[in-house]
Amino acid sequence: MMAAEDSDKLNVSDDFDDEDGPVVFKRTNTTSKKNQLLSEVKKSTSSLDGQTQRKTPDMSSSNGQNSGVQKSKISPATKTLPIDISTASTSPVSSFNVKSPVANPKASLSGDKSKPLSGSKVLNDVKEEKPSVKQLPKENSKDSDDEEDDKPLSARLKMNSNHNSKAAPIVKKPVEDSDDDDDLPLSARLSRNSGTSGSGYDHSDQKKPLLKVHKSHQEGSSTSVKQEKLVTGSVKRPLDKTSSLNSSVKKPKLSDPASSAKIKQVFVKHESKVDDDDDHIPISQRLAKSSASGNKSSSMKKIEKGVKVNKSGSALFKKQVKKMKKSGSKSEYSKSTKLLPSAGDGQKKWTTLVHNGVIFPPPYKPHGRKMLYKGKPVDLTPEQEEVATMFAVMQDTDYMQKEKFKSNFWSDWRKLLGKNHVIQNLEDCDFTPIYDWFQVEKEKKKQMSTEEKKALKEEKAKQEEKYMWAIVDGVKEKVGNFRVEPPGLFRGRGEHPKMGKLKRRIHPDDITINIGKDAPIPECSIPGEKWKEIRHDNTVTWLAFWSDPINPKLFKYVFLAASSSLKGQSDKEKYEKARMLKNYIGNIRAAYTKDFTSKDITRKQIAVATYLIDKLALRAGNEKDDDEADTVGCCTLKVENVTAEAPNKLQFSFLGKDSIKYENTVEVELPVYNAILKFQKGKRPGDDLFDMLDTSKLNAHLKELMPGLTAKVFRTFNASFTLDDMLTKDTKDGDVAEKIGTYQAANKQVAIICNHQRSVSKSHTAQMSKLTEKIAELQGVLKELKTDLGRVKKGKAPLKSPERKRNLTPDALEKKISQTNAKIEKMRRDMKTKEDLKTVALGTSKINYLDPRITVAWCKRHEVPIEKIFNKSLLAKFAWAMDVDPDFKF
DNA sequence: CCCTTGACTTGGATTAATCTTC
DNA sequence: GAAGATTAATCCAAGTCAAGGG
């Protein structure tokens with residue numbers, strides 16, 4: 001307490017950390033340092049001041065006011081009664097409970113639908129098919145866990161970071177360490193390096209102890225017992241079997257029928273289990289019985305969904321639907337619920353596809369503001385002005401400090417100006433008039449009344465309505481990005497060689513449309529222009545694409561939204577594959593451990609790389625061109641990115657995806673440590689650490705170990721496993737808020753493992769000091785209350801404005817005191833959380849790495865409304881996971 | 001094999017919407 | 001009731017990985 005009040009923020013944070021134990025403490029510290037680093041890197045030359053000096057327009061803003069009416073309608077629901085929302089709202093969310101078509105991989109399994117049925121039909125069929133295959137011996141829940149093998153190594157990492165050692169303080173990501181030790185790969189584990197292990201900390205905080213349960217660990221408390229059961233449970237997994245299987249399989253490409261079938265069988269197995277019990281009622285429903293009582297939510301929701309769809313369909317759309325139906329599908333798109341068009345037949349992704357193409361940004365409207373060149377106004381053509389404006393508007397971004405950005409911009413702009421233009425160099429350009437105009441426009445927009453804004457919004461919605469939906473196999477689905485990207489200056493991340501280049505406007509004749517054969521060709525909204533090409537390719541899911549103006553080798557695609565069944569299905573398959581890895585991981589670890597000492601250098605490198613991917617959740621690391629930012633992943637690590645610290649630690653430091661810095665120091669098995677030294681020997685700092693390796697070799701090898709296995713599966717496995725494990729271990733009885741806290745802690749842990757960072761908000765520091773102040777103030781109040789209490793008890797009048805306090809009784813004072821204390825406590829917690837998460841991005845893992853079924857099942861088990869964890873988009877995206885059994889185990 | 005093309009997932013930053021607070 | 005903070009939605013860049021062609 002006190003620390004917080006009297007100290008500056010740093011201290012405060014430390015305090016907080018203590019709460020969690022030493023580990024945390026460390027982490028925080030490191031974190032903050034990290035931030036500094038990051039920011040430095042990112043900003044490059046400019047420091048904050050840059051912003052302040054100029055007008056720092058706060059772009060954010062918004063309309064602060066909303067019309068009460070509208071708002072009120074929505075907000076209440078959202079907030080308190082989650083359930084109501086789902087049922088009541090017409091939004092897509094409502095469908096989350098419905099069984100979505102997506103969800104049934106089985107359909108694909110059955111596979112034989114030679115003939116493309118319409119969606120609903122297929123669905124029905126599918127549904128019945130449930131029975132089937134149970135090939136895999138094991139039930140999932142049990143077998144999966146083998147003793148310790150299945151834990152993600154990363155979870156167990158230990159990071160030790162000594163801050164001190166580094167001169168520069170950046171310690172970085174301390175991911176958490178893992179616990180105890182154990183993480184090692186099977187055999188290794190036995191021998192494991194005990195020495196270091198424990199490290200001073202193993203705090204028991206939750207973070208680490210992943211599965212080690214059976215072993216000593218006791219932190220777990222009551223839950224541990226339970227867990228143990230689960231974990232050790234059985235499992236004798238057919239690893240052997242599988243492995244042999246695999247080996248025999250030669251190329252398991254998914255497309256390969258045989259291998260895919262195999263995978264699917266596995267899926268089926270899981271699925272069947274899940275399906276079997278659907279009796280459980282969705283949690284949200286249970287809790288909120290207020291809303292509909294009793295019945296199964298799914299049926300209800302289904303209805304709702306139907307309604308909604310009908311409502312939203314535009315006339316045009318309906319027409320199309322009709323037409324389409326004629327051509328084959330009879331299902332009512334609005335109603336279909338479960339089916340999956342899936343991949344039963346080979347590569348086919350859909351049978352019928354109807355959509356309206358894409359919408360273009362409005363043409364450029366010249367504003368006529370003249371920029372200055374050597375102090376004098378310059379006339380620009382609309383085209384020239386447009387590009388000048390793109391640049392002017394970026395005056396207060398960090399890009400302005402980057403020479404590369406400016407030179408690339410200049411180079412492209414100059415082409416528009418022409419060699420002989422008055423403007424001969426960028427240095428003498430003053431874009432202020434344009435910048436100021438822009439700020440004014442922005443302000444105007446901000447000042448518009450609520451009504452005006454609303455009207456504008458509706459207008460836009462109306463124009464976009466027809467582009468928002470597609471009908472896939474008779475089911476109306478949301479389109480993800482139907483807006484063509486507007487022209488602008490390329491904003492590459494990190495030190496991207498092409499930053500600042502003009503990203504030209506895309507026209508209809510740049511765009512290729514993909515649509516069903518029987519569907520009407522979308523009309524091109526720009527008069528006089530036409531699409532580049534029309535295709536009818538049902539082996540792909542994109543609706544349209546154009547080539548990237550910055551890098552013509554790349555394409556920009558228009559896909560369905562995440563809530564679509566097509567996306568949902570592949571999402572589910574992704575998680576099923578990761579779950580499958582759980583059954584193979586023991587053998588995989590044993591295999592690579594053995595290869596740590598292989599004489600075959602390639603094997604050895606593959607082994608070490610696989611180990612790093614498994615333990616640290618590193619990305620595969622494809623090769624990159626020179627015209628891209630220089631970042632690396634596992635296979636592309638350079639010698640200089642890894643520093644060996646005797647006796648057995650490796651310090652990693654490199655720029656990963658999006659030029660996000662990965663900093664971590666971790667203890668490794670001695671053979672790995674030695675192997676790294678060997679790979680580094682005789683090489684220069686910039687040379688490839690794994691010179692015999694690339695992602696295709698690595699993945700080819702992984703595929704021999706498990707069908708469909710690739711490097712990225714480890715990340716998914718790691719993340720989901722960690723979540724499941726931490727939730728199982730750390731969830732305690734308590735109120736919903738506490739449980740959510742547990743969830744967030746697990747989520748945070750995963751984010752740290754995956755190195756999902758975010759930049760610290762500009763106002764973070766200010767916010768922290770404000771909180772600190774506020775706490776101090778409350779503390780003052782508290783003191784006064786205590787004094788008064790003492791006086792009142794003795795029959796004296798309270799100090800200060802006694803007349804106002806005259807009526808206070810001791811009881812009332814005591815109550816106030818405790819309220820104030822509670823308030824202070826809460827503030828402290830909030831502050832700690834804020835500091836703790838200032839550089840951690842929780843969203844990415846939630847969206848991409850955590851099997852939603854883990855979350856849904858946990859919510860069901862612990863009566864936490866799912867809406868507390870998943871927002872509207874996530875609920876829609878994970879519709880396929882909503883009916884999971886509460887006992888689901890990843 | 002190696003290299004390129006193609007398609008789809010992952011990711012941080014921005015912007016917009018909503019909620020909190022004073 | 002507006003400023004400030006938080007959260008959700010959007011945007012689009014940057015990865016992964018399969019497949020095709022030579």
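Proteins come first, then strands; the chains are lettered A, B, ... in the order of their sequence lines, and each starts at number 1.
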To the nearest Å, how far apart are [X] [atom1] and [N] [atom2]?
X      : N      : atom1 : atom2 : value
A/M499 : B/dG12 : CE    : P     : 18 Å
A/H701 : C/dC17 : NE2   : P     : 15 Å
A/D626 : C/dA14 : CG    : C1'   : 17 Å
A/F654 : C/dG15 : CZ    : P     : 12 Å
A/N848 : B/dT10 : CG    : C1'   : 5 Å
A/I847 : C/dT7  : CD1   : P     : 14 Å
A/F555 : C/dA13 : CZ    : P     : 16 Å
A/H764 : C/dG4  : NE2   : C1'   : 16 Å

Is [X] close enough to [N] that one of its side-chain N or O atoms is under 4.0 Å from OP1 or OP2 there?
X      : N      : result
A/R493 : B/dT14 : no
A/K349 : B/dC8  : yes
A/K556 : C/dA13 : yes
A/N871 : C/dA9  : yes
A/R483 : C/dT10 : no
A/K453 : B/dA16 : no
A/K872 : B/dA17 : no
A/H756 : B/dT10 : no
A/T710 : C/dC17 : yes
A/T631 : C/dA14 : no
A/N622 : C/dT16 : yes
A/K624 : C/dG15 : yes
A/K567 : B/dC8  : no
A/Y557 : B/dC8  : no

Can you tell me which nucleotide in [options] comes closest to the side chain of [X]?
X      : options               : answer
A/A711 : C/dA5, C/dC17, B/dT9  : C/dC17
A/A841 : C/dT6, B/dG12, C/dA18 : B/dG12
A/K834 : B/dC8, C/dT6, B/dT5   : C/dT6

What verdict does the side chain to side chain contact (heavy atoms under 4.5 Å, CB included) test give for A/L543 and A/N514, after you've listed the backbone C-alpha separation in whole Å, the side-chain angles of each residue and the deciding distance to 0.1 Å? CA-CA 5 Å; A/L543 309 186; A/N514 189 35; 5.7 Å; no
Pair A/F482-A/H355, ring-ring contact (aromatic ring centres under 6.0 Å, His included): steps then yes or no: CA-CA 10 Å; A/F482 51 85; A/H355 64 85; over 10 Å; no
So A/F391 and A/F405, would you call those rings parallel, tilted or perpendicular, with 30° and 60° as cut-offs?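 Judged by the thresholds at 30° and 60°, the geometry between A/F391 and A/F405 is parallel.
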Determine whether the side chains of A/T636 and A/D688 contain a donor N or O and an acceptor N or O closer than 3.5 Å.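 Judged by distance alone, the side chains do not pair up.
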If each of A/I550 and A/V713 is mapped to the nucleotide of DNA chain C with the nearest heavy atom, which maps nearer the 5' terminus, i.e. the 5' end?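 So the residue in question is A/I550.
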Map A/W542 and A/D658 onto DNA chain B by nearest heavy atom, then report which one ends up closer to the 5' terminus.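 Mapping each residue to its closest nucleotide by heavy atoms, the 5'-most match is A/W542.
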If you assign A/K445 and A/L554 each to the DNA chain B nucleotide with the nearest heavy atom, which residue ends up on the more 5' nucleotide?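 The 5'-side residue here is A/L554.
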Donor-acceptor pair under 3.5 Å: do we get one between A/K574's side chain and the base of B/dT9?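 Counting by modelled atom types and ignoring angles, no donor-acceptor contact under 3.5 Å is found here.
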Does A/K624 use its side chain to pair, donor to acceptor, with the backbone of A/V632 at less than 3.5 Å?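 Not a single qualifying donor-acceptor pair exists.
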Whether A/K846 engages the ring of A/F870 as a cation-pi pair (distance to the six-membered ring centre under 6.0 angstrom, angle to the ring normal within 45°) should be assessed.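 Not flagged: A/K846 not positioned over aromatic ring of A/F870.
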Verify salt bridge (charged side-chain N to carboxylate O under 4.0 Å, His left out) between A/E495 and A/K402, making sure each step is shown before the conclusion. CA-CA 9 Å; A/E495 295 304 310; A/K402 308 218 176 187; 3.0 Å; yes
